[in-house]
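Taking it in order: structure first as structure tokens, then the write-up.
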Amino acid sequence: MSPLLKKGLLGLGVVVLGGGAYAYSYVQDLGSIAAGYVSQTLCTNVLIVGREQAQVEAQDLARDQRSLTTSIIGDNWVETTASIGPIRVTTTSVHRPGLGCSNVAGLPVEDVRQIQRQGPPVSKSAPVDSFEVGSHPDVNGDQLRVAIDRAFTETADSVYEKKNTRATLVFYDGQLIAERYADGFNGTTPLRGMSMTKSVTSALAGILVGQGKLDIHKAAGIAGWSDAEDSRAQLTTHHLLKMIGGFDYQEAYETNPRSTLSMMLMTQPDMASYAAEIPTFTSPGKNWDYQTTHSVLLAKVVRNTINDDQAYFRFPQEQLFDRIGMHNSHMQADASGTFTGGAFMFASARDWLRFGLLYLNDGVHKGQRILPEGWVEYTRTASNASLEKRPYGAQFWLNNPAEKQLFPGLPDDAYAAQGHYGQYVVIVPSMKLVVVRMGMTFDKGAFDKNSFLNDVVAAMPQSGQNRVN
């Protein structure tokens with residue numbers, strides 16, 4: 001055999017071995033992501049919400065997640081194994097009271113359990129809004145009922161093609177005028193908020209601003225960002241809030257099964273440390289991209305600002321939820337104890353409504369200022385960078401006029417917390433209106449949010465005259 005041929009075969013062998021190693025790593029990552037998602041979903045829905053395992057598996061998991069995984073549920077843990085061909089990956093999610101369900105992500109389970117919220121449960125003595133459902137004399141009740149009926153009417157048989165609406169609430173001019181739930185759900189059932197968690201994390205940052213503890217225009221101070229030549233050293237909390245940090249990656253979790261987002265949320269014990277390693281491609285403020293990295297790091301800023309883990313673990317409950325009556329709400333932390341700022345929060349539909357009303361009322365609840373003066377206006381002000389793509393505020397989507405407007409037909413001042421699978425808290429200040437829709441809509445085309453919202457608005461008095469556009 002000639003030396004040239006030997007060299008060529010050796011090179012081919014290296015390529016084959018390298019390709020095999022990459023393929024193995026790729027499939028193992030997919031298994032870790034699938035197992036992590038299923039484990040966390042079952043842990044939250046079964047151990048915290050109280051639903052049946054079979055129901056959650058049938059209604060809350062995608063086809064591949066169901067077919068590739070098996071799970072065992074214990075008293076305060078869920079173990080899920082994903083099997084892809086010959087590769088098996090097992091992940092455990094543990095429930096820590098006050099910190100929710102967390103994937104251990106390779107850490108010893110007992111090490112994760114050591115990070116606990118100490119002391120007695122947070123008091124829930126704050127008064128709860130009764131929210132008696134009534135009618136409004138100026139609202140077309142029949143038209144509104146038709147809109148709500150359409151949100152629940154199914155034309156498909158498969159769970160993956162249905163609307164799967166779980167809750168709708170409409171609050172207008174000081175009155176809850178519509179409320180409906182799917183079978184098995186009610187006004188106190190905690191429901192998956194997905195990326196609406198981002199908006200709540202923004203509120204927590206706002207509370208710290210109001211307390212004089214956080215200056216959003218100072219450097220975010222994330223560990224590892226101290227090199228003056230690294231643009232991340234100039235990245236502020238404001239940049240994180242407005243998603244203009246300039247991180248060099250695409251969210252793309254629906255088209256890339258091994259995306260940065262999925263790896264961060266499903267396989268990492270310390271999500272903020274993982275996010276902090278992502279490079280930037282431009283200086284802060286110049287580019288807007290919807291990236292959960294910003295929200296994960298924002299939660300770390302909140303933790304660093306409080307600088308007392310036990311105070312931090314109690315902070316969402318004591319400083320937000322209990323103060324406005326959100327008593328069926330749960331933030332959830334990663335294994336390291338940092339709340340997952342971009343996902344995983346559960347709250348009842350009525351609690352999501354309470355959160356929307358806090359913003360409708362400029363951060364004031366029953367005469368008590370929860371968010372600092374000016375925070376809501378800051379929240380609903382688009383960055384210049386986002387106006388070049390999609391109008392976006394401080395972890396809220398905005399309905400500013402744009403080539404691709406968020407809610408065509410609604411007033412321009414509408415804005416919203418939004419989450420995957422069809423979670424919406426839509427706030428329309430000019431109409432004194434908040435609309436909540438919760439669901440598990442796998443097929444985006446199954447539920448037309450714009451038709452639903454426009455049907456609701458059409459039932460409101462003088463809806464056309466209330467428009468800002």
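Position 1 is the first residue of the sequence, and the numbers go up from there. Values below: every heavy atom of this structure, side chains too, minus hydrogens, waters and symmetry copies.
Residue pairs meeting the salt bridge (Lys or Arg N to Asp or Glu O under 4.0 Å) criterion with at least one partner in residues 297-307, sequence neighbours excluded, are Arg303-Asp309. Pairs engaging residues 192-213 under the ring pair (Phe, Tyr, Trp, His ring centres under 6.0 Å) rule: none recorded [sequence neighbours left out]. Counting only residues at least two apart or on different chains, the side-chain hydrogen bond (donor to acceptor under 3.5 Å, both in side chains) pairs with a member in residues 228-238 are Asp230-Arg232, Ser231-Thr280, Thr236-His239, His238-Tyr378. Sequence neighbours left out, the pairs with a member in residues 429-440 that pass salt bridge (Lys or Arg N to Asp or Glu O under 4.0 Å) are Asp173-Lys432.
Within a 6.0 Å radius of NZ in Lys389, other residues, nucleotides and ligands contribute more than 12 heavy atoms. The number of heavy atoms from other shown groups lying within 6.0 Å of CD (Gln211) is above 12. Within 6.0 Å of the CD atom in Gln368, the count of heavy atoms belonging to other residues, nucleotides or ligands exceeds 12.
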Lys163 vs Asp443, test: salt bridge (Lys or Arg N to Asp or Glu O under 4.0 Å). Steps then yes/no. CA-CA 8 Å; Lys163 296 173 183 176; Asp443 179 357; over 6 Å; no
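Within the 3.5 Å criterion, the main-chain N or O of Asp64 finds a donor-acceptor partner in the side chain of Ser67.
The side chain to side chain donor-acceptor pair (under 3.5 Å) check on Ser83 picks up Arg88, with sequence neighbours excluded.
Side-chain contact check for Asp289 versus Phe247: every heavy-atom pair is 4.5 Å or farther apart.
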Under 3.5 Å, which donor-acceptor pairs do the side chains of residues 93-103 form with other protein atoms, sequence neighbours left out?
residue	atom	partner	partner atom	Å
Ser93	OG	Ser102	O	3.4
Arg96	NH1	Val112	O	3.1
Arg96	NH1	Ile115	O	3.2
Arg96	NH1	Ala335	O	3.3
Arg96	NH2	Ser102	OG	2.8
Arg96	NH2	Asp334	O	2.7
Ser102	OG	Ala333	O	2.6
Asn103	ND2	Gly36	O	3.1

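A cation-pi arrangement, defined by a distance under 6.0 Å to the six-membered ring centre and an angle within 45 degrees of its axis, is present between Arg258 and Tyr22.
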